[in-house]
Structure formats: C-alpha cells, structure tokens
2 protein chains.
Amino acid sequence: MKPEISDFLPYLLNQAAELVSRDFQPFYKDRYGMLRTEWRVLFHLGHHGEMTAKQICEQASIHKTKVSRAVTALEKKRFLRRETLEDDRRFEALSLTPAGKAAFDSLAVEAAAFDASLEDMVGQDDFEALKRMLNHLIAKKS
Amino acid sequence: MKPEISDFLPYLLNQAAELVSRDFQPFYKDRYGMLRTEWRVLFHLGHHGEMTAKQICEQASIHKTKVSRAVTALEKKRFLRRETLEDDRRFEALSLTPAGKAAFDSLAVEAAAFDASLEDMVGQDDFEALKRMLNHLIAKKS
DNA sequence: TATTGTTATACTCTATAACTATA
DNA sequence: TATAGTTATAGAGTATAACAATA
C-alpha cells in the first residue's frame, strides 16, 4: 500500500506552514511594509529589549546574513536604531525606536489574536500538544 | 506577559517545515535533480497513475502555473509523457515513463523511511495526532 | 464566453562565499 | 587568527496577470 500525500509529514508541515503564513503576512506587510524576517527581528527586539545581532541569530535561529538585511531594512523604516558598543566595537546594541515599539505593540496584539484563532480551529488541548510536538521536532532537527 | 516566539504557531510551523524539508530534499534533488514541486507531481502520478494537470492541481493543492512548469521539467528529464485527450483537446493525460516509475518507486520507499524516522522522533501516538491536526488545519485554511 | 494550460514577470526566501572592521 | 556583521550572487519558491488553444 503506497502512502497518500496526506500521510507524508514533510508535505503536511509545509502546506500548513504556507497557508498559515499567508494568512498572517498581511498584518506585518500591508500596514508596515515588513518582510517575514523583519517581523521576526522586530518581535525579538520588542520582546527582549536591547540585543546584538548575534543574540538575535542565536535566539531566533536566523542566519546572520538574514538578520543583517532585516536590521538594515528596519533601520531604514525608522523602527530600529543601533549603537556601537564601546567595550567591543564589533558589536552593536539594537533597540526599537518609539515607532518600532508602537508597531511591535500593535502587531503583538494581532499575533496573539491570530494565534488564538488557530487555537479555536484545532481545540485547546490539541493546540498545546501541537506546539509541544513542533518544538520537540525543531529541537531534534536543529 | 508577552508571548515568546516558541508560542507562536506560524513560527513553529514554518521552522519545523523548513528543517524537515531541508533534510528530505537531498533524496529527490541530489539523485534526480528534481525541485520540490517536481517531486510532488511525480508522487501524485506514481500514486494515482494517469492524471491531467488539472486533477493534480486539485488533489495536491498546487497552482496550475507550478504544475505546468513541473510537468515541463519532468518531461525534459524523461520521467513523464503527455498525450492529448481526443475527447477534449484542452486536456493532456500525464503518465510516468519507466524511468519515472523507477524514480518514484525508489523515492516512495525513501519517503516512507524518512517519515518513519520522524515518527520515531516524536513517538507513535503523537505522530498520528500531529498528522491529524495538520490535516485538520489545512482543511480549515484551504 | 469559459476552461486548460503556458509564458512573463516580479517578489520573497534560502544558502553560501567573500569581504570589512575589530579584537 | 578569530569573531561580528556586510555584501554579492545564485537558486528556489510564490503570486498574478496576460496569453494561446480549445470548447
């Protein structure tokens, strides 16, 4: 018995990720002109406060070239400012401007609501289990 | 309490999908030079036999432009042949050549083994639950 | 006019190597 | 020599409009 495509986990993950991403994309794209990596970097800075690019790379599992470009784009949008660290001038402290904070606050609320709508879709218990499994899978594969 | 990124389902889905896809990609790419959509189209034709492009679009939820390009690429690799339907000359019956069938047979085995390795990773019960939830989510979002 | 499939085009995302500035 | 971050480039994936051929 050959497997159907709906039994192949890589396909399911990709399809689900794509559909969900496409639904959330308008929130950061249409209003703020951000790309996905920019939204993620903004998310991390909004959540953790001042960080270096390297810290964002590590915490978010994003390659340094992507972070570098996202930081440049967010800076151009006046959502982020950088300050070279005097201890070690290779590092820059990245932080959100008031405009960046405002965007983050608004998007964080919308993200939470979006996540809640997904929770409604699959049910509360399943939703927690789903997140747990995905985190487990990601940890194993990273 | 602001949400961590590991609590945001779109992020988790995308990260898991990317890591898993990257692991499976070598099977169809390195040996057969296929792209992801080509592998999916091959999968469908191998599983269901003769189909039209429209049927593949519907069953696999792939846009017609992607299927069209994948079909062209698979034809160039001599994995697929087309035959215009005389009933309605807008349609073409697509089917795998012997070389295409051989590639499918080999890849189907490897895909099943890969899927099984993911099952080992998350545990059998969770694995079934995970697939069920993803299928549910996909159905709701499509 | 509607449908199947193709082509053109632009944008988004990923991956890697080479580079700079600093340590 | 090593590390933080940048730039260049190619490849892969996605989205949409316009089109040709057939019905």
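We name chains A, B, ... by the order of the sequence lines, and we start the count at 1 in each one.
- Taken over five-pair windows at either terminus, the axes of the helix from dT1(C)-dA23(D) to dA23(C)-dT1(D) are inclined to one another by 20° (rounded to 10 degrees).
- Between Ser68(A) and dG5(D), a side-chain N or O to OP1/OP2 separation shorter than 4.0 Å is absent.
- Each of Glu92(B) and Asp87(A) lies near DNA chain C, and the nucleotide nearest Glu92(B) is the one positioned closer to the 5' end.
- Only Lys29(B), Leu35(B), Arg36(B), listed by number, bring a heavy atom of residues 27-39 of chain B to less than 4.0 angstrom from any atom of DNA chain D.
- Here chain A contacts DNA chain C (any atom closer than 4.0 Å to a heavy atom, that is under 4.0 Å), and the contacts span dT12(C) to dA23(C) from 5' to 3'.
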Please list, one pair per line, the donor and acceptor atoms closer than 3.5 Å that link side chains of residues 122-137 of chain B to other protein atoms, with sequence neighbours excluded.
{"from": "Lys131(B)", "atom 1": "NZ", "to": "Asp7(A)", "atom 2": "O", "distance (Å)": "2.4"}
{"from": "Lys131(B)", "atom 1": "NZ", "to": "Asp115(B)", "atom 2": "OD2", "distance (Å)": "2.5"}
{"from": "Asn135(B)", "atom 1": "ND2", "to": "Ser6(A)", "atom 2": "O", "distance (Å)": "3.2"}
{"from": "Asn135(B)", "atom 1": "ND2", "to": "Lys131(B)", "atom 2": "O", "distance (Å)": "3.3"}

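- Atoms CD (Glu75(A)) and P (dG5(D)) sit 13 Å apart, rounded to a whole Å.
- Across Phe8(B) and Ala111(A), no two heavy atoms sit closer than the pair CE1-O, 3.5 Å.
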> Passes salt bridge (charged side-chain N to carboxylate O under 4.0 Å, His left out), Arg82(B) versus Glu75(B)? Steps please.
Replying inline: CA-CA 8 Å; Arg82(B) 5 163 57 129; Glu75(B) 192 183 27; 2.7 Å; yes
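- At distances below 3.5 Å, not a single donor-acceptor pair connects side-chain atoms of Ser68(A) with backbone N or O atoms of Thr65(A).
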> Reading nucleotides 16-22 of chain D 5' to 3', which nucleotides get B (base under 4.0 Å from a protein heavy atom), which S (sugar-phosphate only), which -?
Replying inline: BB----B
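- Remark: Arg31(A) engages Glu110(A) in a salt bridge (charged side-chain N to carboxylate O under 4.0 Å, His left out) (not counting sequence neighbours).
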